[in-house]
Structures are given as C-alpha cells and as structure tokens.
Amino acid sequence: MKFKGTDTYVATEDLMIAVNAAMTLERPLLIKGEPGTGKTVLAQEVAKALGKKFIEWNIKSTTKAQQGLYEYDAVSRLRDSQLGDDKVHDISNYIRPGKMWEAFTADESPILLIDEIDKADIEFPNDLLQELDRMEFFVYETQQTIKAKHRPLVIITSNNEKELPDAFLRRCFFHYISFPDTETMEKIVDVHHPDAKRELVRDALKVFFDVRETPGLKKKPSTSELLDWLKLLMSEDLPEDVLRSKDPGKLIPPLHGALLKNEQDVHLFERLAFLSRREQR
Amino acid sequence: MFTKFFFTLKDASVPVTLREYLTLIEALKAGCAEYSVNDFYYLARATLVKDEKNLDKFDQVFGHCFNGIEFISDAAEVEIPEEWLKKLAELSLTDEEKAQVEAMGGWEKLMETLQERLKEQEKRHQGGNKWIGTAGKSPFGAYGYNPEGVRIGQKESRHRKAVKVWDKREYKNLDDSVELGTRNIKVAMKRLRQFAREGAAEELDLDDTIRSTARNAGFLDLKMRPERHNTVKVLILFDIGGSMDDHIKACEELFSAARTEFKHLEFYYFHNCVYEKLWKENSRRHTSFMPTWDVLHTYPADYKLILVGDATMSPYEIAYPGGSVEHWNEEAGQVWMERMLNIYHKAVWLNPVPEKYWDYTPSVQMIKQLMTDRMYPLTIGGLESAMKELSR
Ligand SMILES: Nc1ncnc2c1ncn2[C@@H]1O[C@H](COP(=O)(O)OP(=O)(O)O)[C@@H](O)[C@H]1O
Ligand SMILES: [Mg+2]
C-alpha cells in the first residue's frame, strides 16, 4: 500500500516517492524544511493513510537516546527500599519502557515519529544508530533483548539547528520540504477550508505571498499562519473584494496580525505599507 | 550510466558513498520508481542527497548526466517569472526606455504580449526570431535588460516547451557557497553556536549524582558533565572604512548576535592592515584608540583570532614602514601581522571578496601567505571551514 497524501494532507510527488521508498526498504526517513511546512503532521498523516499505529517521540534539548529505549527509575526504587516496599526486589518494576520500546513491541508495524531530532545533543543521533539499524536493544538490568516484532517506519524531522552526523545520514532517506508554491498551497488550503470561496482564497494567497516577500521580516508567515488568517477572514464575513482593494488607504490587509506574530514585523510591515501609500499619491 | 552519475556527483563534491549508491539500486529493484523518469529523479535525490545545500549541485549533475536521453516526460510547464522580469527591467530602464514601455501600453500590456509570445512559441515548437531571447529583434530585447541573462529564455530555447524538474534549479538558494545574505545568516549563526559550544569544561551533574547514588544503594557516586557554557574566547578585528563595509557589517552583526554563546568575545577595528593602533568606536577612531601592544597584552594566547577584511590594498601598506595610506606607521603591517600570529596560534582571516578574485590581487596573496593560507571566503561554507580550523 502506498502513501499518496490524505484528505487532510497534500503530498507532493517527490514526498510520496521518499515516503514509499523508506517504507519499502524499511529505512528511516529524515524530513527537513522551514517551520510550518508540515513536517510534524506528515508522520501522523502517513499513519492515518495506512491505518497504522502512530507513536510520537518529541525531542527536547535534554532528551537522551536512552530515554527512547527505557529508563531505570532508581529514585523510586530507593524510596521503595526506604519504605520497605516488597516491589523493590524485582528490578523490572523500575524499568520504564520508552517510545522505541513501544514501537518495537507493537503488534503491527507502527509509524514512529522522532520529532525535532536536532534539538538534542549532537551525539544523540549517533547514540541511536545501532537501534535504528538492527531494530533491537539490550536491557542490562533485566538481561533481556527487545527486538522489533515488525520494523516500524521511522520518520525523523529536523529544523536544522544542528548538523546531523554523517553515519546517521547515510542510513536515512532524505526529503527537504520546499515552501509550497501557489498551486500546492491552494490545495493545502482546500483540504483545511473546503468551504472557502475560491475568490477569497486566491486573493488571500496573493497577499500572503506578497507579505512573505517583505524584505527584512524576522519570521515569514508560514502555512499555519495562512490557515489561521483565512479562518479569521472567513468568519468575519468581510466584503468580497476586501483583499483586492485598490484604495491606497487600505493597503494593509485586514487582520494581518494573524499573519505576522512578531511585533517588530508588524511595525515593519505597516511602515512599508505606509511608505508605498505615500509613493502612490 | 549510473556509475558515471555517481562519480560525477562525487566530483561535484556532493558527499555520496557506496552505501547510498547501493541503497538506490536496491530501491530501484524494489520498484520504488517505476513510472517515470521524474520518479527516478526524486528517488535518486532522496537516496543520495542528505543536506539541502547540496540539492542544487545534485540537480545540475543530474541534468548534465541525463540530458539528451529521451524522457517520457510529464515535466511541468514553464512558469513565467513575471514579477522577476518586471523587477529586473524596472531596475535597469532609463527614463527614455520607461517612456517607451508606457507608449506600448505599460507593463500590463507588455506582459500580455509576452504571454502571447510564449503561447505562440509552444504551438510552433521551436524558437523563432520573435523570441524574447533574441535581443534586438524582439521588442523585449530593446528595453535595456539583458534577456540572455533571464533564465526562461535559456530554458525555453534549449528545452522548448517543457522544463525538466531538475532544470528548475529550485534549490539554488540553499547552496552554501553563495555569499552570506540575510537568507542564510541564520544557518551561519548555528555554525557559530556549534563552534562556541565546543570545548566545554566539566561540572558536577547533580541529578545524575543523585540517581547514581540511589542506584548505588546510597553510596555517593559523583557524576560530571560538560559545562553548558563554553570556554571559547574570541578576538575579532574588523577592517572598516572600505568598500566592503556592508559585508563587514553583516559579519559584525553575526558575531554580536552570537555574543552570548561565547565566554569572551572582543571586537576591534583596523583599517586595511593591522598597525600600532586599534579602536572600538569607529566614529572616534582618532581620539580614542587602543595601542595594539595593549590589546596583545590584554588578551592571552588562548584567544582565537578572527580578522575580517577584503585584504585589498597597495602592497606597500603591508610590506613597508610608512606604507599606510592614513598615517605614518613606524613598523610595516606585516611586522604587526606576524607579531599577532605569533601570539594567537588559532587564527583565521575571513574575506568578503569572492574567492575567485583572490588570485588577481597581490595584497590578498600577501595576506593569505602571512596567514599561512588560513583565509576563507565569507560564505556559509567558508565560515564553516574557518570555524573548523579554529577548533582544530
Ligand atoms: N502539505 C500539507 N497539507 C496539509 N496541511 C499542511 C501541509 N503542510 C502544512 N500543513 C499545515 O500547516 C500546519 C503546520 O504543520 P506542522 O507539521 O506543524 O509544520 P512543521 O512541523 O514543519 O513546523 C499544520 O496545521 C498542518 O496541518
Ligand atoms: Mg514540527
């Protein structure tokens, strides 16, 4: 069964090829791209499309590779021993399975998302090489081997905060999600807001891409902001041609606060709009 | 054919390994790209490229190796970069030409004509002299911008009606050999940060100590971990007052933004070459300066030295006492350079001038020699190599 996108996710041709290759060869898939280009939701959508279980491991700067395998809760054990709890004699009571363990022991091959891997220490990916390759690991405390019943499809996202180690990269398929072009964006909008008027969407997209071109923005609005903004526009029931206004007094699009989240950017944008208004006079 | 492709990629310094090549073959066998050459292109890309900065190189090599092979093409139609043309033209049009455009009915009309011309082109399946690329003959060639430089002209005349995906060169901006611009300054920051975080010292890890002590049935088990803050100390000298001020400024902003990442980061300015004075505020350079000797005495040898400048000057300014254009220097610039480099063994020179011009300027060669080749272009790639050199 192949992934072709879903009714809530638009997959470009190249993304489909990458996902399906990773699935066929059972190798991890590394996804990079600007924030908001749908990296995180991709794994969910693949799971949904293929009817598979979805397991999500969110990485933080303090996350250790070991935590994905299991953790030995020594502090609880110490406490139990102080309290004279009988549980203390069986060490397996203090082994807490991590997300990889969960993925390996699932009944059917699940989708495992390792989200924002670059947040962690530089060594993090290297620490997982063996486990991702062989899909098994050893639990010292209990002397047991956890081996994947079915190899999960591992999807890894990165925002490129850190370089990833070569050895790790060699094992992955890689896909860079480019910022959607107008056509793709139209489709994305369509799956989220199927009821939006075509005219409105077209006008909004034009404004959106224009705003993205504003030189000097700290944070360019992304897909999420566009979707939020559209939702607002739709709910406000504004006059049909509001985004097409040639009236220089209305150069600032309505509700632009939804597109630009950063105060500095809002100022910058307003100033530019003001300047071009003066020019037009 | 595939092997040639593989080696050409390597030659273009896309870091592909045998392992990835085998994966590609395996994937092809497994039928991951059965339907079209586009699929093959996507699959090869997902298998062989692991960093977006290499995507553009990949596209070029792909185009080079597989050109001329007849593809079952469902390639995308050309998109006319209308805005781009418009911008380009607006920039380079003289007033007279602008008037001509207006006389033709203004931009809208011009673009319309262009569209029609394209459609015509498609129908006729070949390039005639009506084509926008034929400067002089078509009305579009007469408007002062160079149509040869406009990519669609080129694309069209070579590939007629369709553009191959890889020929679109969509990933050009991600290549790291381009100059530092706002677009990739963020990436550069991350490189710097990474550099700053190296060489951290150890500190007591309280959590781990407690955990290990518990694990140890209550016997103390001390655990250490790398200190969060780094120990990297940097002394940066910027060449100021030249034609390269914009680049220097970009670089300056870059480092000051990374300031919190470094344990110590010190800035000074110089002009063209380092002599007996350095200063902190350019506006007050003549009244408030710091003798270079004092700087050398203030910052110990474990500082890493970064010089930023175009190294473009008269050779006299480097080689002779009194050679400076601004003041009388008792000692030659190279004496000062050597003096500094003798103290700071970890040193690099970042040059905003593109590397390909270095050979033509004797002073760049001289500085590079003084730096024992540790001169790097002010690009992401160059910055990366420089940081690598500093942390060796
Ligand atoms: N191709 C797409 N199809 C449908 N929705 C998308 C697509 N790309 C992004 N989105 C929407 O944009 C938002 C941000 O996506 P997310 O996965 O969080 O981005 P990232 O992880 O890349 O920062 C989500 O609401 C998602 O639904
Ligand atoms: Mg995300």
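Atom set for the values below is all heavy atoms of this structure, side chains included, hydrogens, waters and symmetry mates excluded. Quick note on labels: first sequence line is chain A, next is B, and so on, each numbered from 1.
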Around atom NZ of A/K219, are there more than 12 heavy atoms of other residues, nucleotides or ligands at under 6.0 Å?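 Yes, NZ of A/K219 has more than 12 neighbouring heavy atoms, counting only those of other groups under 6.0 Å.
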
Between atom [atom1] of [X] and atom [atom2] of [Y], what is the distance when rounded to the nearest 0.5 Å?
| X | Y | atom1 | atom2 | value |
| --- | --- | --- | --- | --- |
| A/I17 | B/R45 | CD1 | CZ | 10.0 Å |
| B/K53 | A/Y176 | NZ | OH | 13.5 Å |
| A/R171 | B/E20 | CZ | CD | 10.5 Å |
| B/C32 | A/M23 | SG | CE | 9.0 Å |
| A/N20 | B/Y42 | CG | OH | 14.0 Å |

Heavy-atom distances under 4.5 Å only: say whether [X] touches chain B with side chain, backbone, both or neither.
| X | value |
| --- | --- |
| A/R77 | neither |
| A/Q82 | neither |
| A/L25 | side chain |
| A/R27 | side chain |

Less than 4.0 angstrom from a charged side-chain N to a carboxylate O is my criterion; do A/E71 and B/R211 meet it?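 Looking at A/E71 and B/R211, the cut-off is not met.
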
Ignoring hydrogens, what is the shortest heavy-atom contact between A/F173 and B/T47? Give both atom names and the distance.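 Nearest heavy atoms, A/F173 then B/T47: CE2-OG1, 3.5 Å.
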
Can you see which heavy atom on B/A46 is nearest to which on A/A18, and at what distance?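 B/A46 and A/A18 have their closest heavy atoms at CB-CB, 4.1 Å.
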
Assess the residue pair B/K50 and A/D166 against the criterion (side chain to side chain contact (heavy atoms under 4.5 Å, CB included)); give the C-alpha distance rounded to whole Å, side-chain angles, the decisive distance to 0.1 Å, and a yes or no. CA-CA 9 Å; B/K50 300 301 164 65; A/D166 290 340; over 6 Å; no

